[in-house]
Amino acid sequence: MIVIETVIVAFSMYSALPMPQIPWKEENLHYALCAFPLVGVVIALLCGVWVRLCIVLSLPSLIQGAGLCLLPALMTGGIHLDGYADTWDARSSHAEPEKRQEILKDPHMGAFAAIHLMILMLARFALCCSLRDYDAGLMFGIFTLSRALSGLSAAVFPLAKRSGLLYTFAGTGNRRRAAMLLGCCCALLSLLLLTRGLAGAAVLVAAGLTFVRYHRIAMREFGGLSGDLAGWFLETAEVWMLCAACLTPYVEELL
């Protein structure tokens, strides 16, 4: 029962799917981050269904790309895009870490947030339209690994403050055990990606480099991790992983 409640809590927080109303208790919050990658599983399945529908209906590649671009945002309710925008507003201020944390809490969206959101969505649309062949295994790895790494960061990175939604999930329970479970999940997903050939390896490298940069930004620019930064990482990692998947066929032609 606790496992089911944990999954419900994770989907209630990190997706826009309707979920049964249950009380959030310490027991079902302990490992909610570990269920976070399951949201990626659902997104990958829906994207696969969308691609199959586009093929059956002979829809243009632009329509297929638009669906692949928008589905993740629609399925998550834009929660990660919100963190992405807030983070860029804070980073663009070039202020001290304490001031940047205050900017993260500001509900208003600044010009830099709007600019970077536009760049992000345009990049995702272009990359989704540029996929030569839709590799279901590769996309499954992208949507799940980004969330597994985001959850892992919440379990191992120092938190900037002892409040907020991220602290609600990461600050309760056994962080070490959650880190071990998410680390095993990341390892399994990495093995899956490596079975996809050069494209999978390129996606894995892109995810790893983004994760390293994420840690550097969180510690140096913000003095610790926050929920908004976790959202920024997820969106950034997925774009770079998509970029790696799109560019690999061209690299293979040169080899």
Would you say the side chain of W88 lies within less than 4.5 Å of the side chain of M109, judging by non-hydrogen atoms?
-> no
Please examine the side chains of L191 and T195, heavy atoms only from C-beta on, and report whether any two atoms are closer than 4.5 Å.
-> no
Name the one of F11, Y14, F143 that satisfies ring-ring contact (aromatic ring centres under 6.0 Å, His included) with F36?
-> Y14
Quick one: [atom1] on [X] to [atom2] on [Y], what's the gap to the nearest 0.5 Å?
X: H80; Y: L120; atom1: NE2; atom2: CG; value: 12.5 Å
X: L138; Y: D133; atom1: CG; atom2: CG; value: 11.0 Å
X: L38; Y: C185; atom1: CG; atom2: SG; value: 8.0 Å
X: T144; Y: L188; atom1: OG1; atom2: CG; value: 10.5 Å
X: D86; Y: R91; atom1: CG; atom2: CZ; value: 14.0 Å
X: M219; Y: L229; atom1: CE; atom2: CG; value: 8.5 Å

Between [X] and [Y], is there a shared hydrophobic cluster once you connect ILVMFWY residues whose side-chain heavy atoms come closer than 4.5 Å?
X: L74; Y: V51; result: yes
X: M139; Y: V205; result: no
X: L209; Y: V239; result: no

I'd like to know if the side chain of [X] and the backbone of [Y] have a donor-acceptor N/O pair within less than 3.5 Å.
X: R100; Y: F222; answer: no
X: D89; Y: G110; answer: yes
X: S61; Y: C129; answer: no
X: W50; Y: Q64; answer: yes

Salt bridge check: are E221 and R213 linked by an N-O gap of less than 4.0 Å?
-> no
For F233, the ring-ring contact (aromatic ring centres under 6.0 Å, His included) test, sequence neighbours excluded, returns F211, Y214
Counting only heavy atoms from other residues, nucleotides and ligands, does the tally under 6.0 Å from [atom1] of [X] exceed 12?
X: E252; atom1: CD; result: yes
X: M19; atom1: CE; result: yes
X: F125; atom1: CZ; result: yes

Residues passing the side chain to side chain contact (heavy atoms under 4.5 Å, CB included) test with L46, sequence neighbours excluded, are V42, M75
Sorted by first residue and then second, give each side chain to side chain donor-acceptor pair (under 3.5 Å) pair with at least one member in residues 229-238; sequence neighbours left out.
-> R124-E235, R124-E238, S146-E238, R147-E238
Could you give me the CA-CA distance, side-chain angles and deciding distance for Y84 and H116, then say whether ring pair (Phe, Tyr, Trp, His ring centres under 6.0 Å) is met?
-> CA-CA 8 Å; Y84 182 87; H116 283 280; 7.0 Å; no
State whether F140 and R196 meet the cation-pi test: NZ (Lys) or CZ (Arg) under 6.0 Å from the six-membered ring centroid, and within 45° of the perpendicular axis.
-> no
